[in-house]
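Here is the structure we will look at.
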Amino acid sequence: MRILQLHSNYIEYKPIQKEIAMAEEAAKEAKRLEEIVVLFTAVEEGDNETTAQKAIDEVKLFLEKLKVNRVLIYPYAHLSSNLAKPSEALKVVRAMETYAKEKGIETYRAPFGWNKQFTISIKGHPLAEQSRVILPAKAEEEKAEKVSEAVKAEEKLESFWYILQPDGKMVPVEAFNFRGHENLEKFAKYEISKVRASQQMPPHVPLMKRLEIADYEAGSDPGNIRWYPKGRFIKSLIEQYVTAKVVEYGAMEVETPVMYDFSHPSLADYLNRFPARQYLLKSEEKELFLRFAACFGQFLMIHDTQFSYRHMPLKVYELTRYSFRREKSGEVVGLRRLRAFTMPDCHAFCTDLEQAKKEFIIRFKLCIQVLEGIGLSKEDYETAIRFTKDFYEENKDFIVSLAKIFGKPVLVEMWKEPFFYFRLKWDFNFVDNQDKAAALSTDQIDVENAKRYDITYVDEKGERHYPLILHCSPSGAVERCVYALLEKAYKQQQKGEPPTLPVWLSPTQVRIIPMSDKYLENCEKIAETLETQQIRVDIDDRPLTLQKRVREAEMEWIPYIIVIGEKEIKSDVLPVRDRKAKKIRKIKLEEFISEVKKQVQDKPFKPLPLPRQVSKRPQFYG
RNA sequence: GCCUCGGUAGCUCAGCCUGGUAGAGCGACAGCCUCGUAAGCUGUAGGUCCCGGGAUCAAAGCCCGGCCGAGGCUCCA
């Protein structure tokens with residue numbers, strides 16, 4: 001809806017002739033109103049009664065400022081090129097009139113559908129002329145209400161919390177002794193009571209800026225992050241790594257669109273199962289939403305795919321860059337929770353529960369491996385397993401086997417009734433320095449979507465069936481992995497250890513510092529040697545003191561620093577300053593090379609993301 | 001969405017309470033220093049004190065309104 005709002009000394013108008021068949025009845029006589037706010041109003045497609053009310057609410061606020069309480073609603077089509085149908089428009093205009101009267105505003109209205117002649121005198125003050133656009137209280141909102149009914153019903157479902165031990169013993173959370181499992185305790189508290197202790201800013205935020213990994217981007221929407229070369233580099237390596245692991249597991253990598261038609265039947269239905277948290281966009285007449293996972297694209301693809309039990313479990317994978325979730329502004333923080341994020345998403349289509357369970361175990365192990373590779377061990381995260389009571393009773397051994405594989409007690413959430421579209425779900429959760437938990441890897445058994453998307457496979461007898469679908473993100477959002485690594489590093493620091501990133505993810509693995517520019521050439525030679533071995537090396541050739549350059553290398557968390565001077569040219573051992581060991585070790589170049597290579601084996605490699613000479617680098621932050 | 005805090009140099013921040021010439025450190029730039037493992041020295045440039053209005057002789061500062069950001073709450077399928 002578009003309104004041109006004019007604070008007027010007076011307006012005179014006179015209906016001349018009916019313009020459309022829908023026109024209201026009206027006398028063809030002049031009408032004059034004084035000291036009034038005129039609302040030239042164009043009703044646009046999608047507007048409804050809620051829009052009308054919203055418009056009046058806005059106008060009313062304004063009237064209070066002007067200290068006027070008299071309006072004329074003047075239907076005026078020329079403000080928009082996207083007009084509603086006359087029948088709709090009239091309804092909306094009438095709704096405005098009624099609502100305004102209810103709100104105690106002295107309300108007049110010019111007839112709808114007429115060609116009118118008018119004279120107006122507008123007051124000169126700065127606020128006299130205003131144009132406003134009231135966005136339709138969109139269809140989504142109505143849907144959201146429908147949804148929230150469903151969600152409310154689900155909210156009523158009670159959760160029962162337990163701790164499941166690797167030996168299969170399950171005790172209520174209150175009865176569990178958390179000694180030696182402090183993180184699990186924090187996680188359980190976080191999940192159950194939502195108690196939070198900390199007031200501080202998440203430590204990873206200043207770190208991500210200072211290390212020139214990532215930063216907020218004020219020019220975008222909250223939770224849409226700017227990644228500097230080093231950050232892009234780290235992210236990219238993790239992306240490559242996760243993808244390689246999933247492909248090795250046997251999934252086929254695909255790519256699907258980032259946006260989908262809001263009115264597509266399968267999608268609309270699925271969307272309605274979730275709170276309205278999408279980014280919406282309008283293109284010509286189409287309403288689109290940005291995907292919040294890879295499910296849609298993959299389901300639509302598999303719907304059109306011919307496959308039988310022989311191909312199953314059928315595994316499809318996509319690294320979504322990006323998935324979008326329009327989280328409430330207050331929820332978005334640092335890299336923990338974003339509105340645009342990179343999500344590896346792997347679906348497995350299984351014939352029956354037996355196959356699904358087998359696959360589930362394989363994937364559970366895969367996820368542990370993937371996180372381990374990224375640099376997060378079982379010490380760093382906690383597991384939650386969530387299921388319905390029925391499922392538990394029928395699959396006790398299976399669930400216990402998960403806990404056994406994990407090898408630590410896990411948090412259990414049990415429901416009496418089916419919850420959303422899954423029967424069983426687990427997630428790994430990182431507990432950070434604010435005692436907040438963030439989910440990383442997850443997998444779930446989906447019993448519903450095959451039907452919704454009409455995905456079927458052919459069995460041995462040639463009959464069609466709906467498969468079970470497993471949804472897995474082997475690492476969780478890649479950005480969140482970076483968050484976890486930074487938070488972990490901060491924890492190390494708090495314990496008095498040097499904060500580090502895994503060597504394979506360190507943008508610079510080795511920093512060479514010449515004592516003076518006399519030794520630059522020697523440094524270049526060593527750098528070449530390391531580089532041919534796929535070790536990322538750079539040279540701090542800046543004319544600064546040695547101490548200062550060592551300090552800055554340490555502050556960049558570079559794992560190895562080598563200073564080259566007179567002694568080094570004459571000897572075949574190098575003084576390697578080892579960040580983790582906190583000392584300088586004399587070691588031969590070949591030995592050093594094999595030591596570094598040992599630490600990064602099996603991991604993807606990318607060359608240095610910045611100029612080799614530190615003097616050639618811009619400063620992105622600070 | 002609610003509550004709280006904030007917006008001053010590229011960055012981190014002081015100044016604001018108690019109105020009177022715009023500050024520091026770091027960084028950048030220019031130069032000196034050629035150095036043995038976490039900050040060498042000197043100098044230069046750099047400002048719409050978020051925006052609008054008000055009261056005042058006078059506003060970065062006080063008052064009102066707005067915008068933006070952050071943290072907390074809530075939320076987290």
Side-chain angles (χ1 to χ4, degrees), chain A residues 61 65 126-127 147-148 150-151 154-155 190-191 194-202 205-206 209-210 212 215-223 270-278 292-293 295 323 325-334 336-339 341 384 386 419-422 425 427 429 434 436-439 442 444 446 448 471 476-477 480 498 511-520 540-558 560-568 574-579 582-585 617-622:
Chain A
L61 280 176
K65 266 192 225 163
L127 296 176
V147 174
S148 64
V151 170
E154 279 152 345
E155 275 169 1
Y190 183 83
E191 284 285 315
K194 311 284 180 191
V195 168
R196 249 136 279 175
S198 167
Q199 299 281 314
Q200 76 191 112
M201 184 174 170
V205 173
K209 295 183 184 189
R210 215 208 68 220
E212 294 193 325
D215 204 344
Y216 298 120
E217 176 52 75
S220 181
D221 201 39
Y270 187 32
L271 278 169
N272 289 343
R273 301 275 299 173
F274 294 101
R277 284 281 184 94
Q278 300 83 34
F292 45 87
C295 303
S323 285
R325 298 184 192 183
R326 227 193 56 86
E327 309 289 4
K328 282 191 253 167
S329 60
E331 300 162 358
V332 177
V333 46
R336 185 197 292 138
R337 199 168 177 77
L338 297 172
R339 282 185 171 179
F341 53 95
R386 306 160 204 265
F419 199 53
F420 291 110
Y421 53 78
F422 51 80
K425 168 184 184 185
D427 38 271
N429 294 269
Q434 295 176 302
K436 293 195 166 206
T442 177
Q444 40 192 264
D446 171 350
E448 210 176 76
H471 299 243
R480 197 171 264 188
R511 161 85 33 100
I512 301 178
I513 305 180
M515 288 294 291
S516 79
D517 43 19
K518 265 187 284 182
Y519 309 106
L520 256 177
D540 192 344
D541 57 334
R542 293 172 303 171
L544 301 171
T545 59
L546 175 64
Q547 288 185 66
K548 176 115 178 182
R549 285 178 291 167
V550 169
R551 174 177 148 89
E552 291 197 4
E554 290 288 4
M555 293 203 310
E556 274 184 62
W557 299 3
I558 294 170
Y560 301 102
I561 302 167
I562 302 174
V563 174
I564 298 294
E566 200 57 34
K567 277 191 252 165
E568 286 65 39
L574 298 170
V576 175
R577 187 175 162 122
D578 184 325
R579 179 175 177 78
K582 291 206 259 187
K583 62 178 177 194
I584 297 170
R585 290 155 44 214
R617 295 180 186 173
Q619 180 183 299
F620 289 96
Y621 180 84

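Order of the sequence lines sets the chain letters (A, B, ...), proteins ahead of strands, with each chain counted from 1. Any value given below was found using the heavy atoms of this structure, including those in side chains, with hydrogens, waters and symmetry copies removed.
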So, is Arg210(A) close to the U12(B) phosphate, meaning a side-chain N or O under 4.0 Å from OP1 or OP2?
no
If you measure from the C1' atom in C41(B) to the same atom in U34(B), how many Å do you get, rounded?
14 Å
Applying the 3.5 Å cut-off to both distances, the Watson-Crick or G-U partner of U18(B) turns out to be none
Examine the base of A39(B) for any acceptor or donor lying under 3.5 Å from a partner atom in the side chain of Arg549(A), and report the outcome as yes or no.
no
Given A38(B), A77(B), C73(B), which nucleotide is nearest the side-chain atoms of Lys436(A)?
C73(B)
Expressed in angstrom and rounded to an integer, what is the separation of Lys209(A) atom NZ from C26(B) atom P?
21 Å
Is there a side-chain contact between Tyr216(A) and the phosphate of G71(B), meaning an N or O under 4.0 Å from OP1 or OP2?
yes
Length of the line joining Glu191(A):CD and C75(B):C1', which is rounded to integer Å
12 Å
If I take atom CG in residue Asp221(A) and atom C1' in nucleotide C68(B), what distance separates them, rounded to the nearest angstrom?
13 Å
Under 4.0 Å, heavy atoms only, any strand: does Arg325(A) hit a base, just the sugar-phosphate, or nothing?
base
Scan every strand shown for a Watson-Crick or G-U wobble partner of C68(B), both distances under 3.5 Å, and answer none if you come up empty.
G6(B)
Beyond-backbone contact of Arg337(A) with Lys436(A), side-chain heavy atoms, under 4.5 angstrom:
no
If the condition is ring pair (Phe, Tyr, Trp, His ring centres under 6.0 Å), which residues does Phe620(A) pass it with, not counting sequence neighbours?
Tyr228(A)
With a 4.0 Å cut-off on heavy atoms, is Glu568(A) in touch with a base, just the backbone sugar-phosphate, or nothing at all?
base
Say you draw a straight line from CD of Glu327(A) to CG of Leu338(A); how long is it, rounded to the nearest 0.5 Å?
9.0 Å
Arg542(A) CZ to G27(B) C1', in whole Å, measures 11 Å
Once you round to the nearest 0.5 Å, how far does CD1 of Ile584(A) lie from CD1 of Ile561(A)?
9.0 Å
In whole Å, what is the span from the CZ atom of Arg511(A) to the P atom of U37(B)?
18 Å
Gap in Å between the two C1' atoms, one belonging to A39(B) and one to G27(B), rounded:
13 Å
Between A38(B), G69(B), U34(B), spot the one nearest the side chain of Ser516(A), thanks.
U34(B)
Hey, could you give me the CZ/CZ distance between Arg617(A) and Arg542(A), rounded to the nearest 0.5 Å?
9.0 Å
Under a 3.5 Å cut-off for both distances, is U74(B) Watson-Crick or wobble paired, and to whom?
none
Just to be sure I understand the rule, does Lys567(A) reach a base, reach only the sugar-phosphate, or reach nothing, if contact means heavy atoms closer than 4.0 Å?
base
Selection from G72(B), C76(B), U37(B) that lies nearest to any side-chain heavy atom of Tyr190(A):
C76(B)
Distance, P atom - from C57(B) to C49(B), rounded to whole angstrom:
23 Å
A30(B): pairing nucleotide in any strand, Watson-Crick or G-U under 3.5 angstrom:
U42(B)
Let me spell it out: for each of Ile561(A) and Pro222(A), pick the nucleotide of RNA chain B with the closest heavy atom. Which residue's pick is nearer the 5' end?
Ile561(A)
Listing time: all N or O pairs from protein to nucleotides 6-10 of chain B that are below 3.5 Å?
residue, atom, partner, partner atom, Å
G10(B), N2, Gly622(A), O, 3.4

Nearest-nucleotide wise, let me know which of Val205(A) and Leu546(A) is further upstream toward the 5' end of RNA chain B.
Leu546(A)
Under 4.0 angstrom, heavy atoms only, what part of the nucleic acid is Glu552(A) near: base, sugar-phosphate, or nothing?
nothing
Under-4.0 Å side-chain N/O to phosphate OP1/OP2 contact, Thr545(A) with G40(B):
yes
Once you apply a heavy-atom cut-off of 4.0 Å, does Val576(A) come out as touching a base, just sugar-phosphate, or nothing?
nothing
dist Ile513(A):CD1 -> Asp541(A):CG (nearest 0.5 Å) comes out at 11.0 Å
For Arg210(A), enumerate each residue passing the side-chain contact (heavy atoms from CB on, under 4.5 Å) test, keeping only those at least two apart in sequence or located in another chain.
Leu207(A), Met555(A), Trp557(A)
For the side chain of Glu566(A), counting heavy atoms from C-beta on, which of G72(B), G36(B), U37(B) is nearest?
G36(B)
Look at the side-chain N and O atoms of Lys548(A) and state whether any lies under 4.0 Å from the OP1 or OP2 oxygen of G27(B).
yes
Which part of the nucleic acid, if any, lies within reach of Arg337(A) when heavy atoms closer than 4.0 Å are counted: base, sugar-phosphate only, or nothing?
base
CD1 of Ile513(A) versus P of A38(B): gap in Å, rounded?
10 Å
Heavy-atom closest contact (Gly223(A) atom, Val332(A) atom, distance):
CA-CG1, 3.4 Å
Closest to the Pro202(A) side chain: A38(B), U37(B), G71(B)?
G71(B)
Does Val333(A) reach a base, just sugar-phosphate, or nothing at all? Heavy atoms under 4.0 Å.
sugar-phosphate
Side chain of Glu554(A) only, heavy atoms from C-beta on: which candidate in A38(B), G72(B), U34(B) is closest?
A38(B)
Any strand is fair game: report the nucleotide pairing with A24(B) by Watson-Crick or G-U wobble, both distances under 3.5 Å, or none.
U12(B)
Report the distance from atom CZ of Arg336(A) to atom P of C75(B), rounded to the nearest whole Å.
15 Å
Find the distance between CG (Asp578(A)) and CZ (Arg585(A)) and round it off to the nearest 0.5 Å.
4.5 Å
How long is the span from the CD1 atom in Ile558(A) to the CD atom in Glu552(A), to the nearest 0.5 Å?
10.0 Å
Taking the same atom, P, in A14(B) and in C50(B), what whole-Å distance lies between them?
14 Å
Which nucleotide sits closest to the side chain of Arg551(A): G36(B), G69(B), A39(B)?
A39(B)
Looking at every strand, decide which applies to Gln547(A) at a 4.0 Å heavy-atom threshold: base, sugar-phosphate, or nothing.
sugar-phosphate
Nearest heavy-atom pair of Pro222(A) and Arg339(A): which atoms, and what distance?
O-CD, 3.1 Å
Separation of G36(B) atom P from Tyr519(A) atom OH, nearest Å, is 11 Å
